[in-house]
Amino acid sequence: MGNALTGSDHSAVIITHRTARRPKSTLLAGFGGALAVLTLLPAIPATAAPLPDSSPRVVTPAERATAAYLRDAQNRPARLRAFFKDLPKGGDLHNHLSGAVTTEYLIKLATDHDLCIDATMTAVAPPCGPGTRPAADARTDSAFRQQIVRAWSMQDFPADQSGHDHFFDTFGKFSMATWYDRGKMLANVADTAVKQNQFYLETMVSPASDSAKKLADTVGYDADPAALHRKLLAGGQLDRVVDEGVEEADDSDAQFRQTAHCDTPHPAPACRLPVRWISQVSRGSSPARVFTQIAVGMRLAERDPRFVAVNLVQPEDGETSLRDYSLQMRMLKYLRGQYPGAHLTLHAGELAPGLVKPEDLTFHINEAVRVAGAERIGHGVDLVHEDDWRQLARTMARRHVAVEVPFSSNKQILGIAGDDHPFNAYRRYGVPIVLSTDDPGVSRIDISHEYQYAAKTYGLSYTELKDLARASLEYAFRDGRSLWAAGSAPSGYRPVPACRADRPGDGRPSARCAQYLAANPKAATEWRQEVAFASFERAHGGRG
């Protein structure tokens, strides 16, 4: 399968687990959503939304009726769960693919490949020797199956282990199960997203990780970033690694499409979902390897439209991560200057008091935004501990730097929830927020859970939930311009002039709007969600 983005908007993925401890590179297939019927066409805005304008949010009769339905459902758990599952929920912009696969599916993959489980509940290669047993035993031994589930996820995690440690340890335990049939893994994650009424996915992967590591070790480190970059480029070395990343993506994409039956008369729901991926960089590695991985990811993002951005992964509180944090921000700043077409989102501020020294809480988000130039921030939990955090929040709002908020992950890893979470602080200062899942397979949650948690914990109205879903598409790194006029998000989301006379869900778009949507995949995805909102509001509140 070639790289060209044709009518099926192909996507491909290369994955590695959250902690990047895998001894070999791993790839995952990609997929795309067909841009067929224009009223269902996926799309996304090219630029981030501006600061809220002074106009009040106009609430439609249909929104008021749906809000009333939500209020009436508060004491009816089954109806409330159904409401949040059916709610259109934009895109997931913070998603680690290996951590997003359901644990049960990982067990199936381990079984399919005759893997063994050792005494620590770690998947290991066959044959199964002393102290191990076949993963296939989980089919008939429910107690054994539950042991694996608890070791590979946050379900009933042990009281004698911190949530932080158990969370990150899971990746090493199920790692080998993610080495095979990676297109199937992507199909599992994409299918879940579609069933959760989402319209777009950005997932984190590690392209050509073995080759990137070998190149870094061969070239070595040079404190002069320009000199180091030249050494990587010399003789086409860096481009050969990028070529490998593209080939891996092609292979994985083909595997995904076969698994999801995308080219048959009966494609799986996953085939409808546009996917882009973000290249992971293992922040706990040596400076040479970090720099090389950043360069590979950014060069890929400029060369292959399936790749859109770079992110640093692994625990932010790790010894190397803390020691080299400022150095890595400077690396990112330099390489962004070399690859201006690559986007940047960064895990920053995934820290809490007691986890690190107080001084380590004071600058991570600041440097991610002001030094590296991040366009989005993942987690951002330590906001109020940052130096001059109010000014930082104002800067983020002015620059339209969105925060990716995975509530369950923050609670499980850091113990931060409710009033301790800076969710409302970000909102007060006008910082854009997008809800995300992080590692829903490990966390044992889905995006509906995150929206329901937000509504209950922070007393969000229906229109506030709706605008959170809109924001998750508005701040996506998808190609094309937005459906929303400059200055209208996030306080009103007024359509661009080309579509201002149209009402999504009431027939097809006008000729002018249709032309705009056809030229802007981002706007088309947002239009598709607005059509879904119109249907949702008719079902839950009537036309109004």
Side-chain angles (χ1 to χ4, degrees), residues 13-31 95-158 166-193 195 203 205-206 248 251-262 268-270 437 439-446:
V13 184
I14 300 160
I15 61 165
T16 189
H17 56 70
R18 180 92 184 263
T19 51
R21 296 170 184 164
R22 179 171 302 151
K24 60 188 286 186
S25 63
T26 55
L27 308 184
L28 277 194
F31 59 95
N95 177 283
H96 299 261
L97 191 50
S98 62
V101 179
T102 61
T103 308
E104 287 75 8
Y105 197 72
L106 288 175
I107 294 173
K108 179 183 184 302
L109 293 179
T111 298
D112 290 347
H113 290 279
D114 300 320
L115 299 186
C116 311
I117 306 298
D118 69 14
T120 68
M121 294 293 112
T122 299
V124 296
C128 300
T132 70
R133 59 186 297 188
D137 286 358
R139 289 173 174 167
T140 55
D141 187 334
S142 59
F144 178 52
R145 184 180 184 85
Q146 284 304 303
Q147 279 185 290
I148 300 174
V149 169
R150 286 194 292 272
W152 291 9
S153 76
M154 294 301 288
Q155 180 171 307
D156 306 323
F157 70 88
H166 185 79
F167 188 100
F168 287 110
D169 284 350
T170 63
F171 295 90
K173 293 183 184 299
F174 64 64
S175 175
M176 185 168 282
T178 70
W179 293 1
Y180 311 97
D181 299 324
R182 296 178 180 92
K184 293 181 181 180
M185 292 175 59
L186 182 60
N188 175 264
V189 174
D191 198 58
T192 298
K195 290 177 180 177
T203 191
V205 299
S206 296
E248 290 175 343
D251 292 344
S252 297
D253 185 54
Q255 185 186 47
F256 168 84
R257 297 190 67 81
Q258 181 179 12
T259 301
H261 310 294
C262 294
T437 58
D439 297 273
V442 173
S443 292
R444 307 290 280 177
I445 54 93
D446 53 38

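Going from atom CE of Met121 over to atom CZ of Phe144 covers 5.0 Å, rounded to the nearest 0.5 Å. Distance check: His96 NE2 to Thr437 OG1 gives 9.0 Å after rounding to the nearest 0.5 Å. A distance of 9.0 Å separates OG1 in Thr170 from CZ in Phe168, rounded to the nearest 0.5 Å. Considering OH of Tyr105 and CG of Asp181, their distance stands at 7.0 Å, rounded to 0.5 Å.
Judged purely by atom type and a 3.5 angstrom limit, His166 uses its side chain to pair as donor or acceptor with the backbone of Ser153. Under the 3.5 Å distance criterion, the side-chain polar atoms of Thr259 are matched with a main-chain donor or acceptor of Gln255. A donor-acceptor pair is defined here as one N or O able to donate and one able to accept, closer than 3.5 Å; no such pair exists between the side chain of Asp439 and the backbone of Gly441.
Counting heavy atoms from C-beta outward, Thr103 and Phe174 have side chains that stay 4.5 Å or more apart. At a threshold of 4.5 Å between non-hydrogen side-chain atoms, the residues Arg444 and Val149 count as touching. Counting heavy atoms from C-beta outward, Thr178 and Leu106 have side chains that approach closer than 4.5 Å. At a threshold of 4.5 Å between non-hydrogen side-chain atoms, the residues Pro440 and Asn95 count as touching.
Residue-environment remark: CD (Glu104) exceeds the threshold of 12 foreign heavy atoms within 6.0 Å.
Taking each heavy atom of Ala187 and Phe256 in turn, the nearest pair found is CA-CE1, 3.3 Å. Between Thr192 and Asn188, the shortest heavy-atom contact is OG1-O, 3.0 Å. For Ala177 against Ala110, the heavy-atom pair with the smallest separation is CB-CB, 4.1 Å. Of all the heavy atoms in Phe171 and Gly99, the pair that sits closest is CE2-CA, 3.7 Å. Considering every non-hydrogen atom in both Arg150 and Gln155, the closest pair reads CG-O, 3.3 Å. When all heavy atoms of Ala123 and Leu115 are compared, the closest pair comes out as CB-CD1, 4.3 Å.
Lys195 has a carboxylate O that lies under 4.0 Å from a charged side-chain N of Asp191, or vice versa, which qualifies the two as a salt bridge. Using a 4.0 Å cut-off between charged side-chain N and carboxylate O, Asp112 and Lys108 make a salt bridge.
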Next on the checklist: What verdict does the side-chain contact (heavy atoms from CB on, under 4.5 Å) test give for Ile117 and Gln147, after you've listed the backbone C-alpha separation in whole Å, the side-chain angles of each residue and the deciding distance to 0.1 Å?
Outcome noted: CA-CA 10 Å; Ile117 306 298; Gln147 279 185 290; over 6 Å; no
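Applying the ring-ring contact (aromatic ring centres under 6.0 Å, His included) criterion to His113, with sequence neighbours excluded, gives Tyr180.
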